[in-house]
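Take a look at the structure set out below.
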Amino acid sequence: MYRFALKVYGCQMNVYDGDKIRSALVARGWREASEDEADVVVLNGCSIRDKAEQKVWSDLGRYGERWAREGKPSVAVTGCVAQNVGRRMAARFPWVRFVSGPRHIGVVPEGLERLMEGEREKFFHLDDDPRAFLDLPGATVERVNRWKAFITIAHGCDNFCSYCIVPYVRGRFVSRPPEEILAEMRVLVMDGVQEITLLGQNVDSYGQDLPTAYSFSDLLRAGVDTGVRRLRFVTSHPKDFTPDVVEAMAERDDVLCPSVNLPIQSGSDGMLKRMNRRYTVEDFRRIVSLLRSRLPDLGLTTDLIVGHPGETEEDFQDSLAVLREFRFDLVHSAAYSPRQGTAAALWADQVPRDVSMARLNEVNELQKEIATEINRALVGRTVVVLLDDVAPRGAGMLQGRTPSDKVVLVEAGEELLGRFVSVEITRGESWCLTGRIVAPAE
Ligand code: SAH
Ligand code: SF4
Ligand code: F3S
């Protein structure tokens, strides 16, 4: 029996792939262990910014000592980071013995077994065909979270935003057949999953490449019929967002959660154009009005980049202005990080790092104020929360999420994990809510 450890970095797509790898290995008789005991450490890493890659490099350095002593662990680098820099990692560290990109997840279990059985050469699964995809069939029955699960509904991305590595590492946009997704959902529901999040870099274009007419809102409606208690999705691209999705959400608000991540990236039309985003702030405004008029309890989050090449002080002020205007519940903010191979990395007008960092601070300060105001205004409200994990701090505390996807901390025993409860909000801070359970919600 072989032992594996699994570390996952990056977005929910990587978490899903990690859960798939874990499920497949466990099904073959492998056991999950700590890094210190594992025969193989699987590092499923991200490449979105330099910092994400550095995390994997720094992990890799740490295995040398045990490798010298015991000849273990062999390291498998997978995910987007593998596609981007896996060869370099394998060249630098002898313990990196297996490298496969996110489009070759299907080769991982068997490849790792061959490694354990003594194959000596290093394994590389990184072919350049951006349409090739080797999946791992089956649902994620061995998950990081027992009550919540992710399902990728479409692989890759065709948008080629100026700054972004995703189309290069995850390849072309390919929708998975609806039957396959729905079958996976049913297995998860049987396995006790209460909440499913459908994943894609651009879920709004789901189905456009399928042989028969089938849209994202069709998938949402069919998803509701699988019997899952809560259904969510990320990420929506403003250029492809369609009103039928809002209609489906309004119609089935008992299951479809009113939470949308709509990445704006910049508040300046000039920047949006250079970023190749293909919408304007006015387009974005129209979508937000529609969402907020139809879904009064909507949780709206966004992604924003500061310091993209060519970003002037005026462009930056426009970004602060959209934060004030739209009052997002949460902003995933980032300082631009040049990614080799993308268009923007080659542009001459790079913004100095200290300017980007100062802008990032300013964004975070402003957003903290806005989120605090929004969350304080929720004090006294009663919301239904799915208790999905123990809270990171404080014994006897659980955490859960509101339908709008806000984190709520409550005092509760672990026997309530996986349950829906009604919670009265007693405190609101910038990043989370605190409440007390007033009734079971079932
Ligand atoms: N598909 C989603 C985003 C996926 S990447 C969309 O279209 O919005 C997640 C986030 O990482 C992006 O929204 C962006 O804000 C950030 N990001 C991507 N590339 C980046 C880069 N080179 N530097 C800094 N942030 C980046
Ligand atoms: Fe990247 Fe743009 Fe695709 Fe999002 S839509 S994954 S930002 S290329
Ligand atoms: Fe990172 Fe790949 Fe996701 S680069 S953000 S893990 S799609």
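A side-chain contact (heavy atoms from CB on, under 4.5 Å) with Y206 is found for one member of P178, S217, S215 and no other, namely P178. Among P338, C161, S266, S162, the single residue meeting the side-chain contact (heavy atoms from CB on, under 4.5 Å) criterion with H308 is S162.
In this structure, P102 and H155 have side chains that are not in contact, with every pair of non-hydrogen atoms separated by 4.5 Å or more. Residues F123 and L112 form no side-chain contact, since every pair of their non-hydrogen atoms from C-beta on lies 4.5 Å or further apart. Taking the side chain as every heavy atom from C-beta outward, R176 and I153 never approach each other to under 4.5 Å. Using a 4.5 Å heavy-atom threshold, the side chains of L199 and F233 count as separate. Taking 4.5 Å as the limit, some side-chain heavy atom of I48 sits within range of a side-chain heavy atom of V166. The closest side-chain heavy-atom distance from Q367 to I370 is below 4.5 Å. At a threshold of 4.5 Å between non-hydrogen side-chain atoms, the residues T301 and V331 do not count as touching. By the 4.5 Å heavy-atom criterion applied to side chains, V383 and V385 are counted as neighbours.
Using a distance-only test at 3.5 Å, with no hydrogens or angles considered, no donor-acceptor pair links the side chain of D135 to the main chain of P137. N261 contributes no side-chain N or O that, together with a main-chain N or O of T235, makes up a donor-acceptor pair within less than 3.5 Å. R170 places no side-chain N or O within 3.5 Å of a backbone atom of R103 that could act as its donor or acceptor partner. No donor-acceptor pair under 3.5 Å is formed between the side chain of N44 and the backbone N or O of Y9. When atom types are taken as modelled, the side chain of R143 and the backbone of R146 share a donor-acceptor pair closer than 3.5 angstrom. The closest donor-acceptor contact from the side chain of N375 to the backbone of L433 lies at 3.5 Å or more, if one exists at all. A donor-acceptor contact shorter than 3.5 Å links the side chain of N14 to the backbone of G45. Panel note: side chain T402, backbone S404; a donor-acceptor pair is recorded below 3.5 Å. Judged by distance alone, with hydrogens and angles left aside, the side-chain atoms of S175 form no donor-acceptor pair with the main-chain N or O of L210 at under 3.5 Å. When atom types are taken as modelled, the side chain of W95 and the backbone of L60 share a donor-acceptor pair closer than 3.5 angstrom.
The side-chain tip of R229 points at the ring of F420 from less than 6.0 angstrom away and within 45° of straight on. A cation-pi contact, defined as under 6.0 Å to the ring centre and within 45° of the axis, links R87 to F124.
Closest approach of V410 to R436, counting heavy atoms only: CG1-N, 4.4 Å. Heavy-atom minimum distance, R294 versus E247: NH2-OE1, 2.8 Å. The shortest heavy-atom contact between S47 and R339 is O-NH1, 2.8 Å. Taking all atoms of both residues into account, the shortest heavy-atom contact from I287 to F241 is CG2-CD2, 3.4 Å. The two atoms that bring L387 and W147 nearest to each other are O-CD1, 4.2 Å, heavy atoms only. Summarising the geometry of P403 relative to C257, their closest heavy-atom pair is O-CB, 3.3 Å, with the distance given to 0.1 Å.
Here the straight-line distance linking atom CH2 of W431 with atom CG of D329 works out to 15.5 Å at 0.5 Å rounding. The CZ atom of R131 sits 11.0 Å away from atom CZ of F173, with the distance rounded to the nearest 0.5 Å. Distance check: K72 NZ to Y63 OH gives 15.0 Å after rounding to the nearest 0.5 Å. Distance check, rounded to the nearest 0.5 Å: CD1 of I151 to CG of L198 gives 6.5 Å. Summarising the geometry, atom CG belonging to D50 is positioned 11.0 Å from atom CH2 belonging to W57; distances are rounded to the nearest 0.5 Å. The structure places OG1 of T152 at 9.0 Å from CD of Q201, a figure rounded to the nearest 0.5 Å.
Under the 6.0 Å cut-off for aromatic ring centres, Y168 and F160 qualify, their centroids lying closer than that. For H237 and Y279, the ring centers sit closer than 6.0 Å to each other.
Residues R285 and D283 are not paired through a salt bridge, judged by the lack of any N-O separation under 4.0 Å between the basic side chain and the carboxylate. For the pair R62 and D59, the salt-bridge criterion is met [side-chain N within less than 4.0 Å of a carboxylate O].
Counting non-hydrogen atoms of other residues, nucleotides and ligands closer than 6.0 Å to CD of E429 gives a total above 12. The number of heavy atoms from other shown groups lying within 6.0 Å of CD (Q340) does not exceed 12. Heavy atoms from other residues, nucleotides or ligands lying under 6.0 Å from CD of E180 number more than 12. Annotation for M190: atom CE does not count as buried by contact number, only 12 or fewer foreign heavy atoms lying within 6.0 Å. For K368, the NZ atom counts as loosely surrounded, since its 6.0 Å shell holds 12 or fewer non-hydrogen atoms of other residues, nucleotides or ligands. Within a 6.0 Å sphere centred on CZ of R172, heavy atoms belonging to other residues, nucleotides or ligands number more than 12.
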Worksheet item: Between V81 and C46, does a side chain to side chain contact (heavy atoms under 4.5 Å, CB included) hold up when you go through it step by step?
Response: CA-CA 5 Å; V81 79; C46 169; 5.8 Å; no

Practice prompt. Kindly determine whether R327 and E373 satisfy side chain to side chain contact (heavy atoms under 4.5 Å, CB included), including the steps that lead there.
Written response: CA-CA 10 Å; R327 295 177 65 80; E373 283 168 17; 3.0 Å; yes

Practice prompt. For the pair V408 and T434, evaluate side chain to side chain contact (heavy atoms under 4.5 Å, CB included) and give the outcome as yes or no after the intermediate values.
Written response: CA-CA 5 Å; V408 187; T434 310; over 6 Å; no

Worksheet item: Given the rule in the side chain to side chain contact (heavy atoms under 4.5 Å, CB included) test, do V108 and L136 qualify, once you have shown the distances and angles that lead to the verdict?
Response: CA-CA 9 Å; V108 175; L136 258 182; 5.5 Å; no

Worksheet item: Is there a salt bridge (Lys or Arg N to Asp or Glu O under 4.0 Å) between R22 and E142 once you walk through the steps?
Response: CA-CA 6 Å; R22 180 187 301 102; E142 302 288 336; over 6 Å; no

Item to complete: Decide salt bridge (Lys or Arg N to Asp or Glu O under 4.0 Å) for R3 and E32; before the verdict, give the C-alpha distance in whole Å, the side-chain angles of both, and the deciding distance to 0.1 Å.
Response: CA-CA 6 Å; R3 287 164 303 182; E32 192 164 9; over 6 Å; no

Fill in: Trace of the side chain to side chain donor-acceptor pair (under 3.5 Å) decision for R186 with T226
CA-CA 6 Å; R186 285 186 212 104; T226 61; over 6 Å; no

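Side-chain atoms of D36 and S34 form no donor-acceptor pair, as typed in the model, at a separation below 3.5 Å. No hydrogens or angles considered: a donor-acceptor pair under 3.5 Å links the side chains of D240 and N202. Side-chain contact check for T78 and D17: no donor-acceptor pair (N or O, by modelled atom type) lies under 3.5 Å.
Listed by chain and residue number, D405 satisfy the salt bridge (charged side-chain N to carboxylate O under 4.0 Å, His left out) test with R401 (two or more places apart in sequence, or in another chain).
Residue pairs meeting the salt bridge (Lys or Arg N to Asp or Glu O under 4.0 Å) criterion with at least one partner in residues 374-387, sequence neighbours excluded, are D297-R381.
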